[in-house]
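Beneath this line is the structure, given in structure tokens, with notes to follow.
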Amino acid sequence: MPLGTEKGQLLIISGPSGSGKGTVTKKLIPCDNYALSVSMTTRNPRPGEVHGVDYIFCTKEHFMEIRDNDGFLEHASFSGNYYGTPISYVEQKIDEGQTVVLEIEVVGALQVKDKYPDAILVFLMPPTFDDLRRRLIERGTECEDEIERRTRRAREEMVELKKYDYLVVNDDIEQAMEDIHMVVKAEKMKPHRSQCKIEAFYGDNKNEY
Ligand code: 5GP
């Protein structure tokens, strides 16, 4: 880590399928100092998804091997498939002072919060439950059964939202992004994340006062 750089932070974005978290995350990443963690999954790629960009797609056996070797920061199953966050990339980017974005579901998010209480947990939610269903249907990537499964899971996920640090309503993508930037900016001002600023204040006078 370059001298005078604070350690980075973990920013977790969760929310039900159809909350728009994928779109918001993709727009956040090109911004300064954000790095996206690419998850591993045993789910089949959807049309247009690229291996290594959207996910690292792998077999169940490979996933289990990595899990058994403690290669995941967190992992969970969702709608019959496994998903996990490879630990090495996250650690490297945190050391470089970046804000590492994890777009993950609630079970995994709460595992991370247990291990790293400092992680910032943002829950993204569409304005209404009807919006959520409509978005799921309109994106056309899931069959009817899967839409039903994901809608049921959305209800379960909503129960956990009180454990999150922030709730962002995604009615408008630009506004949701601005809200998330605001959260990150405010978090960076917390004294325990501001060691460099405090050291700069004292400069050479550290021992005199
Ligand atoms: P999808 O199949 O729609 O891409 O993802 C299904 C759910 O799994 C979404 O809520 C997504 O955020 C979550 N997810 C994606 N990657 C991970 C991961 O590495 N860990 C966990 N716990 N959830 C993930």
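Side-chain atoms are counted along with the backbone in the values below, which use heavy atoms only and exclude waters and symmetry mates. Start at 1 and go down the list; that is how both ligands and their atoms are numbered.
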Looking at ligand 1, would [X] count as a contact under a 4.0 Å heavy-atom criterion?
{"X": "R46", "answer": "yes"}
{"X": "K21", "answer": "yes"}
{"X": "T85", "answer": "yes"}
{"X": "S17", "answer": "no"}

Check your understanding: Can you tell me if N69 and E65 form a side-chain donor-acceptor pair at under 3.5 Å?
Key ->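 Side chains of N69 and E65: no pair found under 3.5 Å.
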
* Asked: Are any of the N/O atoms in E103 less than 3.5 Å from those in ligand 1?
  ->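 Yes.
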
Regarding ligand 1, does E142 bring an N or O atom to under 3.5 Å of one of the ligand's N or O atoms?
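Not met; the criterion fails.
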
Open item on the list: Can a donor-acceptor pair be found, under 3.5 Å and without considering hydrogens, that links the side chain of K93 to the backbone of A35?
Closed with: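 No.
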
What atoms in ligand 1 come closer than 4.0 Å to a heavy atom of [X]?
{"X": "Y55", "answer": "1 (P), 4 (O), 5 (O), 15 (C), 16 (N)"}
{"X": "R150", "answer": "1 (P), 2 (O), 3 (O), 6 (C)"}
{"X": "A76", "answer": "22 (N)"}
{"X": "S39", "answer": "16 (N), 17 (C), 18 (C), 19 (O)"}
{"X": "R43", "answer": "1 (P), 2 (O), 4 (O)"}

Look up atom CE in M40 and atom CD1 in I56, then write down how far apart they are to the nearest 0.5 Å.
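Rounded to the nearest 0.5 Å, the CE-CD1 separation comes out at 5.5 Å.
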
* To do: Quick one: pull up OG1 in T85 and CG in L10 and give me the separation to the nearest 0.5 Å.
  =>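 So the OG1 of T85 and the CG of L10 are separated by 9.0 Å.
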
_Regarding D130 and R133, does a basic nitrogen lie under 4.0 Å from an acidic carboxylate oxygen?_
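Salt bridge flag = no for R133 with D130.
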
(Q) Closer than 4.0 angstrom, basic N to acidic O: yes or no for E138 and R135? (A)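 Not counted as a salt bridge, because no side-chain N and carboxylate O are separated by less than 4.0 Å.
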
Nearest protein heavy-atom contact for atom 13 (C) of ligand 1: which residue, which atom, what distance?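 Atom 13 (C) of ligand 1 sits closest to the protein heavy atom E105 N, 3.6 Å.
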
- prompt: Between Y89 and Y34, is there a shared hydrophobic cluster once you connect ILVMFWY residues whose side-chain heavy atoms come closer than 4.5 Å?
  reply: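 No, because Y89 and Y34 fall into different hydrophobic clusters, even though each may have its own neighbours under 4.5 Å.
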
Requested in this report: State plainly whether one hydrophobic cluster holds both F129 and L136, where clusters connect Ile, Leu, Val, Met, Phe, Trp and Tyr through side-chain heavy atoms under 4.5 angstrom apart.
Outcome: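 No: no chain of side-chain contacts under 4.5 Å links F129 to L136.
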
